[in-house]
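Remarks on the structure that follows.
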Amino acid sequence: MTDSTTATPKLPSASAFEKTIDGKQTHLYILKNKNGVEAAVTNYGGRIVSLLVPDKDGKLTDVVLGFESVDGFINSKEPYYGATIGRYGNRIAKGKFKIDGKEYTLVTNNGQNTLHGGHPGFQEVVWDAKQIDSATLELSYQAKDMEGGFPGNLNVKVTYQITDDNAMKVSYSATTDKNTVVNLTNHAFFNLNGEGSGTILDHLVQINADNYTPVDSTLIPTGKIDAVAGTPFDFTKATTIGARINTDNIQLKDGKGYDHNFVLSKHDITTPIATVVGDKSGIKMEIFTEEPALQFYSGNFMQAQNAMKGGKKDEFRTSFAMETQHYPDSPNQPTFPSTELKPGQTYKTQSIYKFSVAK
C-alpha cells in the first residue's frame, strides 16, 4: 500500500480509534500543513500512527509503521510502535536506582532490566489531548507517585506539530513534586521507502557521533564511552544500514544488530545530528534535537508477528528507530549526563524530524 509504485496511502479511519480504556476515551487526531504533509496521532500511548510525506516523485508516502485501529496497538506483540516513551526511555539495569541514598525498585520487563519505563509505560496509558490548531496536538498525562516504581507525581506534556517546512516537531516538558529521573523520547518505527516496502538495510545513515556507549550482553552500557572510528558504529560518513551489520563484532552480536546509544557531537537544535535517506523513495529525514544522545535501532527484534496498516507484516529489519535521548542507565552511571529532575525544575526538550527529498 505504501510502496512508491502503488496507490497513495490513506490515513486510518478515526472511528477505528474510538475506545474507552480505563475510563478514558481514545481518539485519532489528524495534523497537516499547507504542503499536504499529514500525520495521524492517537492519545492511546501518545503514538504517531501515520506520517505522510512526499517522495522524489511528489507522491505521498507513509514513512511510519502503525496499525489501522487502536486494537492493533493494544494487541501488538511489539508494544512501542510510534509511542511516547517514559518515564525513562531505554534501559535501567536490574530495575533499580538510587536517589538521595534511597533505592527504588521498578517493574522489570526486559529480562532482568527495566525497558522504556517498565509497566505501566507511557505507551499504554490514555493521554489527555487538546488539538491546538490544524497542525498541533498537545498531550498531557500525570504519572502518579510510585507508578511503575518511580518517585514523584510527574506532570508531562508532549506537543506534536507538523511545521510548514515539512517537519514533525516533538516538544516535551515535565515537572515533579519529588526528586525523580526522567528521559522522554518517541519510538516511531520508520521506513523511508514506505511502510511495508521491505528491508531498511539499503537506507543511507549518517550520525554526527564520534563515540558510542558499548553494552553488556543484556544491552546495559558498560560505563565506557568508546570511539566509533574503525568500528561498524562509524556513521560519521553516510553508510547503508546493512553495510556492516553482519560484521563479526561482539556489540553487534549482543544487540542482534544496531541497538546502541550514540554520543552526539556538540550541537544545538539548528544543526541536524542524523540524516537518513530512503534508497527507493529518495525521502531524506534529518533529525534535530536538544538531547545529548541518540539510540539507533535497526529493527532486529521484528518477527513478522503483526499485520501493519498496509496489510504487510512487520518483517525482520523492515523499519528502524532513531530515539533522541539521554544515555541508557544514567541513574546508575554517575559519569553519564544526569537525568534527575527536582521539584521547582522543569524538564524541557525538543526533537525535530524534518523531511525533504535527497538531491
**Message:** Has K144 got a side-chain atom pairing as donor or acceptor with N153's backbone, closer than 3.5 angstrom?
**Reply:** no
**Prompt:** Just checking, any donor-acceptor pair under 3.5 angstrom between side chains of T105 and K96?
**Reply:** yes
**Item:** The single option from V63, I352, V37, I162 passing side-chain contact (heavy atoms from CB on, under 4.5 Å) against M168
**Value:** I162
**Asked** When the ring planes of F336 and Y327 are compared, do they come out parallel, tilted or perpendicular, using 30° and 60° as the limits?
**Response** perpendicular
**Request:** I would like to know whether W127 and Y44 meet ring-ring contact (aromatic ring centres under 6.0 Å, His included); could you show each step before the answer?
**Result:** CA-CA 6 Å; W127 295 64; Y44 173 67; over 10 Å; no
**Prompt:** Rounded to the nearest 0.5 Å, how far apart are CZ of F150 and OH of Y88?
**Reply:** 9.0 Å
**Item:** Closest approach of L115 to Y80 (non-hydrogen atoms, all atoms of both residues)
**Value:** O-OH, 3.6 Å
**Message:** A quick test of your reading: do over 12 heavy atoms of other residues, nucleotides or ligands sit less than 6.0 Å from NZ of K77?
**Reply:** no
**Request:** Identify the two heavy atoms, one from A129 and one from L137, that lie closest to each other, and give their separation to 0.1 Å.
**Result:** CB-CD1, 4.2 Å
**Request:** Assign the ring pair F296 / Y258 to parallel, tilted or perpendicular, where the plane angle (0 to 90°) is split at 30° and 60°.
**Result:** parallel
**Criterion side-chain hydrogen bond (donor to acceptor under 3.5 Å, both in side chains) on S265 and N208, from CA distance to verdict** = CA-CA 6 Å; S265 302; N208 294 344; over 6 Å; no
**Message:** I'd like to know whether K354 forms a side-chain contact (heavy atoms from CB on, under 4.5 Å) with D165, so could you lay out the CA-CA distance, the side-chain angles of the two residues, the decisive distance to 0.1 Å, and finally the verdict.
**Reply:** CA-CA 7 Å; K354 183 179 176 184; D165 60 351; 3.8 Å; yes
**Prompt:** Would a distance-only check, ignoring hydrogens and angles, find a side-chain to backbone donor-acceptor pair under 3.5 Å from S298 to G257?
**Reply:** no
**Complete:** Heavy atoms of I99 and E340 approach each other most closely as CG2-OE1, 4.2 Å
**Near-ring test H260/F262, centroid separation under 6.0 angstrom** = no
**Message:** Between Q325 and E291, is the side-chain hydrogen bond (donor to acceptor under 3.5 Å, both in side chains) condition met? List the steps.
**Reply:** CA-CA 5 Å; Q325 61 175 16; E291 289 297 287; over 6 Å; no
**Request:** Would you check, one step at a time, whether the test side-chain hydrogen bond (donor to acceptor under 3.5 Å, both in side chains) holds for D133 with Q131?
**Result:** CA-CA 6 Å; D133 55 39; Q131 186 139 5; over 6 Å; no
**For S197 against N191, the heavy-atom pair lying closest together** = OG-OD1, 3.2 Å
**Prompt:** Can you hop from F288 to I48 via hydrophobic side chains spaced under 4.5 Å?
**Reply:** no
**Item:** Any donor-acceptor pair under 3.5 Å from S76 side chain to E78 backbone
**Value:** yes
**Message:** Using the side-chain contact (heavy atoms from CB on, under 4.5 Å) definition, which of the options T114, I220, T222 pairs with D329?
**Reply:** I220
**Fill in**
To the nearest 0.5 Å, atom CD of Q25 lies from atom CG of D128 at 12.0 Å
**Message:** Taking I245 as the starting point, is it possible to reach F190 by hopping between hydrophobic residues whose side chains are less than 4.5 Å apart?
**Reply:** yes
**Asked** Hey, are D216 and R91 close enough for a salt bridge, meaning a charged N less than 4.0 Å from a carboxylate O?
**Response** no
**Message:** Go through it in stages, so that I can follow the logic: the residues are L154 and V182, the test is side-chain contact (heavy atoms from CB on, under 4.5 Å), and I'd like the CA-CA distance, side-chain angles, deciding distance and then a yes or no.
**Reply:** CA-CA 9 Å; L154 189 76; V182 186; 3.8 Å; yes
**Request:** Assess whether atom CG of D22 is packed by more than 12 heavy atoms of other residues, nucleotides or ligands within 6.0 Å.
**Result:** no
**Asked** Does any N or O in the side chain of D259 come within less than 3.5 Å of the main-chain N or O of G255, such that one atom is a donor and the other an acceptor?
**Response** no
**Prompt:** F17: what forms a ring-ring contact (aromatic ring centres under 6.0 Å, His included) with it, not counting sequence neighbours?
**Reply:** none
**Message:** Assigning hydrophobic clusters by single linkage (Ile, Leu, Val, Met, Phe, Trp, Tyr; side-chain heavy-atom cutoff under 4.5 Å), is V156 placed with V125?
**Reply:** yes
**Message:** Would you call the rings of Y81 and F67 parallel, tilted or perpendicular, taking 30° and 60° as the class edges?
**Reply:** perpendicular
**Request:** Could you tell me whether the side chain of E124 and the main chain of G121 form a donor-acceptor pair under 3.5 Å?
**Result:** yes
**Asked** F235 ring centre to R244 NZ or CZ under 6.0 Å, with the angle to the axis within 45°?
**Response** yes
**Asked** Going through the distances and angles, do V276 and Q206 end up as a side-chain contact (heavy atoms from CB on, under 4.5 Å)?
**Response** CA-CA 6 Å; V276 189; Q206 192 261 326; over 6 Å; no
**Asked** Taking R87 for the side chain and T180 for the main chain, is one N or O donor matched with an acceptor at less than 3.5 Å?
**Response** no
**Prompt:** CG/L264 to OG1/T289 distance, rounded to the nearest 0.5 angstrom?
**Reply:** 7.5 Å
**Stepwise side-chain contact (heavy atoms from CB on, under 4.5 Å) test for Y212 and D226** = CA-CA 6 Å; Y212 80 110; D226 281 0; 4.0 Å; yes
**Message:** So does L201 get a backbone contact from the side chain of R317, meaning a donor-acceptor N/O pair under 3.5 Å?
**Reply:** no
**Complete:** Nearest heavy-atom approach of T275 to E286 is OG1-CG, 4.0 Å
**Item:** Centroid-centroid under 6.0 Å between Y172 and Y347 rings
**Value:** no
**Request:** Show your working on side-chain hydrogen bond (donor to acceptor under 3.5 Å, both in side chains) between Y160 and N186 and close with a plain yes or no.
**Result:** CA-CA 11 Å; Y160 288 107; N186 175 272; 3.0 Å; yes
**Prompt:** Has the side chain of N109 got a donor or acceptor atom that lies under 3.5 Å from a matching backbone atom of H119?
**Reply:** no
**Message:** Measuring from atom NZ of K256 to atom CG of L219, what distance do you get when rounded to the nearest 0.5 angstrom?
**Reply:** 8.0 Å
**Message:** Assigning hydrophobic clusters by single linkage (Ile, Leu, Val, Met, Phe, Trp, Tyr; side-chain heavy-atom cutoff under 4.5 Å), is M308 placed with Y297?
**Reply:** yes
**Prompt:** Between H27 and Y29, what is the ring plane arrangement, given parallel below 30°, perpendicular above 60°, and tilted in between?
**Reply:** perpendicular
**Under 3.5 Å: donor-acceptor pair, side chain of H116, backbone of N90** = yes
**Message:** If you count every heavy atom of other residues, nucleotides or ligands that lies below 6.0 Å from H267 atom NE2, does the total exceed 12?
**Reply:** yes
**Request:** Determine the minimum heavy-atom distance between A40 and L28, stating which atoms define it.
**Result:** CB-CD1, 3.9 Å
**Complete:** In this structure, OG of S319 is separated from NE2 of H203 (nearest 0.5 Å) by 9.5 Å
**Request:** Might you confirm whether atom CG of D268 has over 12 heavy atoms from other residues, nucleotides or ligands at distances under 6.0 Å?
**Result:** yes
**Message:** Please say yes or no: joined through hydrophobic side-chain contacts below 4.5 Å, possibly via intermediate residues, are I283 and I200 part of one cluster?
**Reply:** yes
**Complete:** Separation between NZ (K19) and CG (D71), nearest 0.5 Å, reads 4.0 Å
**Asked** Should the pair K280-D55 be classified as a salt bridge under the 4.0 Å nitrogen-to-oxygen rule?
**Response** no
**Asked** Side chain of K309, backbone of P9: donor and acceptor closer than 3.5 Å?
**Response** no
**Request:** Determine, for E38 against K32, whether the closest basic-nitrogen to carboxylate-oxygen distance falls under 4.0 angstrom.
**Result:** yes
